[in-house]
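Here the structure is a predicted model, which is why all the values come from computation and not from measurement. For this chain, numbers begin at 1 and follow the sequence in order.
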Amino acid sequence: MPVNLTRNAIAMMNSGDVNSKPLVQVVDIKLIGNSQERYRFLLSDSESTQHAMLATQLNEQVRTGRVKKGSIIQLIDYICSTVENRRIIVVLNMETIIPEYEIIGNPKLPTGSEPEANKSMPNNNLLEPSTRSTNNRYSAPAPANKAQSFQPTIQPAYQPPPNYKIQGPIMKNEAPARIIPIPALNPYQGRWAIKARVTAKGDLRRYNNARGDGKVFSFDLLDSDGGEIRVTCFNAVVDRFYNVIEVGKVYLISKGSLKPAQKNFNHLKNEWEIFLESNSTVELCPDEDGSIPRQQFSFRPITEIESAENNSILDVIGIVISVNPSVPILRKNGMETQRRILNLKDASGKSVELTLWGDFCNKEGQKLQEMVDSGLFPVLAVKAGKVNDFNGKSIGTISSTQLFIDPDCPEAQGLRAWFESGGRNTASISISKELMPGGSKNEIRKTLTQIKDEGLGRSDKPDWVTAKATVVFIKTDNFCYTACPMMIGDRQCNKKVTQSGPDSRPYRTHLGNSFPGSWRRNLGMLGKGNVFVEI
């Protein structure tokens, strides 16, 4: 049966229409991009064609064959943007009407000029070179007898009816940017705005590099469609927005730039990251929007953490069954921090260690210890915990981690019901190797000869043993060096320095990079004949 495409759909969309939901045909599909999967369509209304970019959340429709060359589709949500002086339709949502159909009509690329007007034109180069080369892929060479072909010819300029002229302000960028879902964001959009809730806000960090000193902070957003994205601010932009952003508040954000997310530091499920600039706008929405959730979790059962990759970021929820005291730890940069270890278990029959670092120890950690000591076993939800496979599988906090004690969510309610109905007395198997407080990581005793003969400590992962030995020699001539005491951001420089002259400041002994923290604290107690345990 014949299919009637929406007449003049291409011209209408180029004129700013975003509401007609036209019926168009996919003339061609091309996979573009090296690092990220993106698809470019050539859309037709049977008379004209126009390039279109497919939003990444719709890529699955191409991969599964639901949309292919010849498909008849209806555009549900779309915008038309100018990229490098060319108009490109960005398809945000669509519906496949007919999966496969023969090419309808003889569509041509629009040029905006009539054939009769060629005489008054200085030349016929109205088609940009890039447009011409693109069109050649869809056309056949002109035969010698000048028979009809799929050549790019100049079509009459479409004059939109009066009802489309009201879209002029949109073309002139005089109307406010349209609010779009976070999953629909892509670099091909000229103007956009998102309405989202701040779910996390990072600390203000200072850095130093070849270009000088700087400062940076970031925050995470969640919208009503469940889309998440990270926003980052640098230097002068930090001064504008750091005190404006509050966790839990809803904001209208626009005029930022989109760049690929750095997955080493960004765990959110979005391939893009927003960078705010000097002309960016961040407006607080005074009215609470109940359609935007306050937080979004993707909980993994503890039993699945056992097979999770090292350094992966995930969400986990469990009952806190034990909390160890907070202890000081000396970092590699010479700075001291706090560490607290607690244990979580869930209905999967497994338990896991959760290591809290820094401020988490004194805030949530102290509250959890008081609750467990008083006989309460709270539910703890961990957002963005980092998997560690050292000494078994465990979870650790990072700067973007969030902890929620007894959260109001279905998973927490189900876990509480399980615990009270018998889960309290159910035995669980730890996927982390438990450590005795103050004890070594492994109670396997070895002599120094055994350590040498068995080649321990030579593999990629450390071998933990307990050895009892006597110190017979201490090398003192170059076990340390004079280090620079200057602070760069939150860490000490520690680079080696030398005395520049007889009147300069005397050498200072600095152990910053010479020994691990546990040795550094005990170095003064070492002496010939002393016996020490655990090497």
### Query
Looking at E228, H267, Q402, which one forms a side-chain contact (heavy atoms from CB on, under 4.5 Å) with D220?
H267
### Message
Can you confirm whether the side chains of Q338 and D359 place a donor and an acceptor under 3.5 Å from each other?
### Response
no
Pairing of [X] and [Y] as salt bridge, 4.0 angstrom limit:
X: E288; Y: R294; result: yes
X: E60; Y: R63; result: yes
X: R197; Y: D289; result: no

Measure the shortest side-chain to side-chain distance between [X] and [Y] over non-hydrogen atoms and say whether it is less than 4.5 angstrom.
X: E411; Y: V379; result: no
X: V387; Y: K393; result: yes
X: E364; Y: L342; result: no

#### Entry: Residues in salt bridge (Lys or Arg N to Asp or Glu O under 4.0 Å) contact with K201, at least two apart in sequence or another chain
none
### Message
For the aromatic rings, using the six-membered ring if either is Trp, is the centroid distance between F404 and F297 under 6.0 Å?
### Response
yes
### Query
Would you call the rings of F419 and F377 parallel, tilted or perpendicular, where under 30° means parallel and over 60° means perpendicular?
tilted
### Query
Who are the side-chain contact (heavy atoms from CB on, under 4.5 Å) partners of D453, not counting sequence neighbours?
T449
### Task
With side-chain contact (heavy atoms from CB on, under 4.5 Å) as the test, would you mind laying out the steps for M371 and V320 before giving the verdict?
CA-CA 9 Å; M371 296 177 72; V320 181; over 6 Å; no
### Message
Using modelled atom types and a 3.5 Å cut-off, is there a donor and acceptor pairing between side-chain atoms of N388 and backbone atoms of I395?
### Response
no
### Query
Where the side chain of K263 meets the backbone of L268, is there a donor-acceptor pair that is under 3.5 Å apart?
yes
### Task
Under the side-chain contact (heavy atoms from CB on, under 4.5 Å) rule, what do L92 and Y78 come out as? Steps first, then yes or no, please.
CA-CA 5 Å; L92 307 176; Y78 54 91; 5.6 Å; no
